[in-house]
Amino acid sequence: MIRVRFAPSPTGMFHVGGARTALFNWALAEQSGGVFVLRIEDTDASRNQPEWTEGIISALAWIGINGTNPVFEGPYFQSTFEPQHREAVAKLLADGRAYFCDCTREDLVARTGSEHKGYDGHCRERGLSAGAVRFRTPDEGVTVVDDIIRGRVEFPNDAQEDFVIARTDGSPLYVLANAVDDITQNITHVVRGEEHLGNAAKQVMLWPALGATTPVWAHLPVIVNEQRKKLSKRRDKVALESYRDEGYLAEAMVNYLMLLGWGPGGDREIMPWAEMMPLFSLENVNSASAFFDEKKLRAFNGEYIRALPLEIFEERCLPYLDPSWDAELFSKVAPLAQTRIPVLSEIRQNVDFLFLDEPVFDEASWDKAMKKNPVEILTGYLSALEVVNWDPESLKDALLKVGEELGMGLSKAQAPVRVAITGRTVGLPLFESIEVLGRAKSVERVRAALAKLGA
RNA sequence: GGCCCGUUGGUCCAGUGGUGAGGACGCCUGACUCUCAAUCAGGAGGCCACCGGUUCGAAUCCGGUACGGGCUGCCA
């Protein structure tokens with residue numbers, strides 16, 4: 001049975017790269033009736049806060065990876081397994097596979113004359129009984145990581161230093177703890193980011209030394225920004241939560257993320273999880289880094305938004321509207337907005353004119369729209385508004401007529417009215433908007449615009 | 001510096017020895033049209049990084065080069 005794991009360290013936010021890794025693992029577990037283990041790697045006290053862990057769990061739940069599914073196991077906390085890690089270190093020490101070392105970084109740099117030469121084996125035969133613990137690596141030959149995605153990757157052993165597996169205070173380090181946990185949790189497939197390939201070379205030595213046979217390795221390509229650099233939280237928008245808050249639907253996010261480094265084949269990319277999941281295979285994962293293209297994500301999100309049943313769409317918009325705004329009024333324009341917003345948060349700028357006492361004007365829009373005969377148009381339309389039948393068709397005909405008298409088409413004539421009513425040059429269909437706004441307010445806004453024009 | 005990985009239109013993927021290299025996003029044009037979308041119909045854009053080899057035949061196999069990236073911590 002396939003047992004995969006997702007082992008994030010708790011940091012302040014949940015990275016989209018982590019989300020993809022989790023999704024790939026989840027697909028593997030779900031399609032095979034296996035198990036997905038969530039293990040929080042919290043051994044570094046400096047980056048460990050309970051709320052970080054909650055963030056991870058809720059982010060995973062958002063993209064459909066949740067603890068109520070029988071496939072899910074955990075969360076486990078790496079820190080609780082420290083006794084086993086220490087035991088493993090003791091065993092390696094007892095077996096002569098590891099040794100104590102008291103060299104400081106400065107000692108080493110002084111000896112080798114370089115920051116990057118790696119450990120020189122100074123303490124190998126000193127028989128120390130305290131200090132950091134280093135794993136003894138072979139000096140010749142190669143270490144092979146058999147990777148499903150990359151094939152056979154060889155690491156020359158003469159370039160592999162005796163790496164540290166426990167600190168001077170006895171606490172275990174990542175490479176060791178990670179391997180021990182994977183072994184005790186019977187992980188069969190280690191699927192993680194490419195940045196761990198180097199760790200795999202070390203762990204390929206660790207597993208047998210700890211009496212276990214190596215798992216299947218799969219190192220996913222890195223996700224990069226437009227500069228082709230690994231997405232980093234310092235310079236890039238990487239927090240899954242920020243996308244969620246902006247109004248990306250989980251379904252769209254999941255769909256898009258699955259396409260980073262993999263594709264279902266065929267000519268269809270928009271595909272629900274249930275269809276996508278069984279198609280996934282590690283063998284078909286691309287090995288080249290992938291650019292996180294928010295434009296494409298937006299397009300996908302638009303597709304998913306349009307596919308939403310109207311009531312659900314309205315419901316999903318609510319968080320982006322003021323609680324005081326009349327939901328019934330919103331319902332009247334929601335269908336007009338649904339095809340127009342690629343992310344939910346943009347609902348606000350489309351409908352705010354209905355609820356605010358005064359529309360939000362931006363100077364550029366105003367200037368742009370109030371270029372040709374604004375006073376004539378607004379004055380003409382104002383008198384029409386006071387008497388016209390209150391339906392979109394009549395409202396439209398009335399403006400059409402005003403425009404004709406000035407030798408202007410509807411397209412030109414509508415601009416000043418649109419800005420007067422909504423404050424913006426682009427938005428929902430105008431006459432439906434006016435209808436919903438109501439006669440009194442519409443008249444009032446056109447008057448206000450006229451006043452602003454000094455007419 | 002050392003080790004490792006990668007390279008198909010701007011971007012993400014299909015294509016894994018055999019007719020004109022496909023799809024998606026983006027872009028452009030047109031239709032529709034009150035703006036913007038949506039929708040529909042078209043279009044531009046790739047000598048499959050480069051060089052050499054294997055082969056009757058290579059985007060697909062091999063080698064090298066260039067460029068990009070990752071790792072290189074008593075972090076994870």
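- When the P atom of B:rG68 is taken as reference, atom CD of A:Glu226 falls 17 Å away, rounded to whole Å.
- Base contact: A:Asn284 has a heavy atom under 4.0 Å from a base atom.
- Rounded to whole Å, the distance from CG on A:Leu297 to P on B:rU11 is 18 Å.
- Spacing between B:rG9 and B:rA21 at atom C1', rounded to whole Å, works out to 11 Å.
- Across the strands present, B:rA66 finds its partner in B:rU7; the criterion is a Watson-Crick or G-U wobble pair with both atom distances under 3.5 angstrom.
- Per the geometry, CD belonging to A:Glu294 stands 15 Å off C1' belonging to B:rC12, to the nearest Å.
- Rounded to whole Å, the distance from CG on A:Asp293 to C1' on B:rG26 is 8 Å.
- Residue A:Gly198 is classed as having no contact, given no heavy-atom separation below 4.0 Å to the nucleic acid.
- In this structure, the CZ atom of A:Arg228 is 17 Å from the P atom of B:rC67, given to the nearest Å.
- On the P atoms, B:rC36 is 41 Å away from B:rA49, given to the nearest whole Å.
- Using the Watson-Crick or G-U wobble rule with both distances under 3.5 Å, B:rG73 pairs with nothing in any strand shown.
- Of the candidate nucleotides B:rA76, B:rU35, B:rG73, B:rA76 has the atom lying nearest to any side-chain atom of A:Gln78.
- Figure legend: cation-pi geometry between A:Arg124 and A:Tyr99 absent, as NZ or CZ is not positioned both under 6.0 Å from the six-membered ring centre and within 45° of its axis.
- Across all strands, A:Asn199 comes closer than 4.0 Å to base atoms (heavy-atom distances).
- Closest approach to the A:Ala159 side chain among B:rU11, B:rG2, B:rC13 is made by B:rG2 (side chain taken as heavy atoms from C-beta onward).
- Here the nucleotide nearest the side chain of A:Arg134, chosen from B:rC74, B:rA76, B:rC12, is B:rC74.
- In the set B:rC5, B:rC75, B:rA14, B:rC5 carries the atom at the smallest distance from any side-chain atom of A:Leu197.
- Nucleic acid contact class of A:His219 (heavy atoms, under 4.0 Å, all strands): none.
- Contact annotation for A:Gly261: backbone-only contact, meaning every heavy-atom pair under 4.0 Å involves sugar-phosphate atoms and none involves a base.
- Counted by atom type alone, A:Thr104 and A:Asp107 present one or more donor-acceptor pairs between their side chains at under 3.5 Å.
- Residue side chain A:Arg418 reaches the base of B:rC34 through a donor-acceptor N/O pair under 3.5 Å, judged by distance alone.
- Rounded to a whole angstrom, the distance from the P atom of B:rG63 to that of B:rU11 is 27 Å.
- Residue A:Leu399 is out of contact with every strand shown, counting any heavy-atom pair closer than 4.0 Å.
- Donor-acceptor pairing under 3.5 Å, judged by distance alone, is present between the side chain of A:Glu269 and the base of B:rG23.
- Taking atom C1' on both nucleotides, B:rU8 is separated from B:rC47 by 12 Å, rounded to a whole Å.
- B:rC61 is paired with B:rG53 under the criterion used here, namely a Watson-Crick or G-U wobble arrangement in which both key atom distances are under 3.5 Å.
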Margin query: Apply side-chain contact (heavy atoms from CB on, under 4.5 Å) to residues A:Asp158 and A:Glu140 and explain how you reach the verdict.
Written below: CA-CA 6 Å; A:Asp158 57 11; A:Glu140 300 172 349; over 6 Å; no

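- Taking a cutoff of 4.0 Å between a charged side-chain nitrogen and a carboxylate oxygen, A:Asp182 and A:Arg5 qualify as a salt bridge.
- Rounded to whole Å, atom P of B:rU11 lies 20 Å from atom CZ of A:Arg298.
- A donor-acceptor contact under 3.5 Å is not formed by the side chain of A:Gln160 with the base of B:rC4.
- If you take atom C1' in B:rG22 and the same atom in B:rC48, they sit 12 Å apart, rounded to whole Å.
- Remark: the separation of the P atoms in B:rG46 and B:rG23 is 15 Å, to the nearest Å.
- For the residue pair A:His219/A:Arg192, the side-chain donor-acceptor check at 3.5 Å is satisfied.
- In terms of position on RNA chain B, the residue among A:Cys101 and A:Trp262 whose nearest nucleotide sits closer to the 5' end is A:Trp262.
- Base-pair partner of B:rG42: B:rC28 (Watson-Crick or G-U wobble, both distances under 3.5 Å).
- Distance from the side chain of A:Arg150 is smallest to B:rC5 among B:rU72, B:rC34, B:rC5.
- Judged by Watson-Crick or G-U wobble contacts below 3.5 Å, the nucleotide B:rC47 has no partner.
- Residue A:Lys296 places none of its side-chain N or O atoms closer than 4.0 Å to OP1 or OP2 of B:rU11.
- Of the candidates B:rG2, B:rG6, B:rG23, B:rG6 carries the atom nearest the A:Ala288 side chain, counting heavy atoms from C-beta on.
- Side-chain N/O atoms of A:Thr43 include one lying less than 4.0 angstrom from OP1 or OP2 on B:rA76.
- Between the P atom of B:rG2 and the CZ atom of A:Phe163 lies a distance of 23 Å, rounded to the nearest Å.
- A sub-4.0 Å separation between OP1 or OP2 of B:rC71 and a side-chain N or O of A:Lys202 is absent.
- Between A:Phe24 and A:Trp262, the distance separating the two ring centers is not shorter than 6.0 angstrom.
- Residue A:Lys229 has a polar side-chain atom (N or O) positioned under 4.0 Å from OP1 or OP2 of B:rG69.
- Between A:Arg306 and B:rU39, a side-chain N or O to OP1/OP2 separation shorter than 4.0 Å is present.
- Out of B:rG1, B:rC74, B:rG70, the shortest distance to the side chain of A:Glu195 is found at B:rG70.
- Put simply, CG on A:Leu231 is 12 Å from P on B:rC12, counting in whole angstrom units.
- Here A:Tyr256 and A:Phe292 bring their ring centres to under 6.0 angstrom of each other.
- Across B:rC4, B:rC12, B:rG70, the shortest atom-to-atom separation from the side chain of A:Ala290 is found for B:rC12.
- A donor-acceptor contact under 3.5 Å links the side chain of A:Thr168 to the base of B:rC74.
- Enclosure of atom NZ in A:Lys452 by more than 12 non-hydrogen atoms of other residues, nucleotides or ligands within 6.0 angstrom is indicated.
- For the residue pair A:Thr137 and A:Asp162, a side-chain donor N or O sits within less than 3.5 Å of a side-chain acceptor on the partner.
- Checking the phosphate oxygens (OP1, OP2) of B:rA76, a side-chain nitrogen or oxygen of A:Arg167 falls inside 4.0 Å.
- The side chain of A:Ala299 has B:rC25 as its nearest neighbour among B:rU72, B:rC3, B:rC25.
- Among the atoms of the strands shown, none is found under 4.0 Å from any heavy atom of A:Pro221.
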Next item on the list: Determine, stepwise, if the pair A:His196 / A:Tyr174 fulfils ring-ring contact (aromatic ring centres under 6.0 Å, His included).
Entry: CA-CA 11 Å; A:His196 289 290; A:Tyr174 172 78; 5.7 Å; yes

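- Nucleotides B:rG6 and B:rA59 are separated by 16 Å at their C1' atoms, to the nearest Å.
- Across B:rU11, B:rG70, B:rC36, the shortest atom-to-atom separation from the side chain of A:Val426 is found for B:rC36.
- Within the nucleic acid shown, A:Phe155 comes within 4.0 Å of sugar-phosphate atoms alone, with no base atom in reach, counting heavy atoms only.
- The gap from the P atom of B:rA24 to that of B:rG18 amounts to 24 Å, rounded to the nearest Å.
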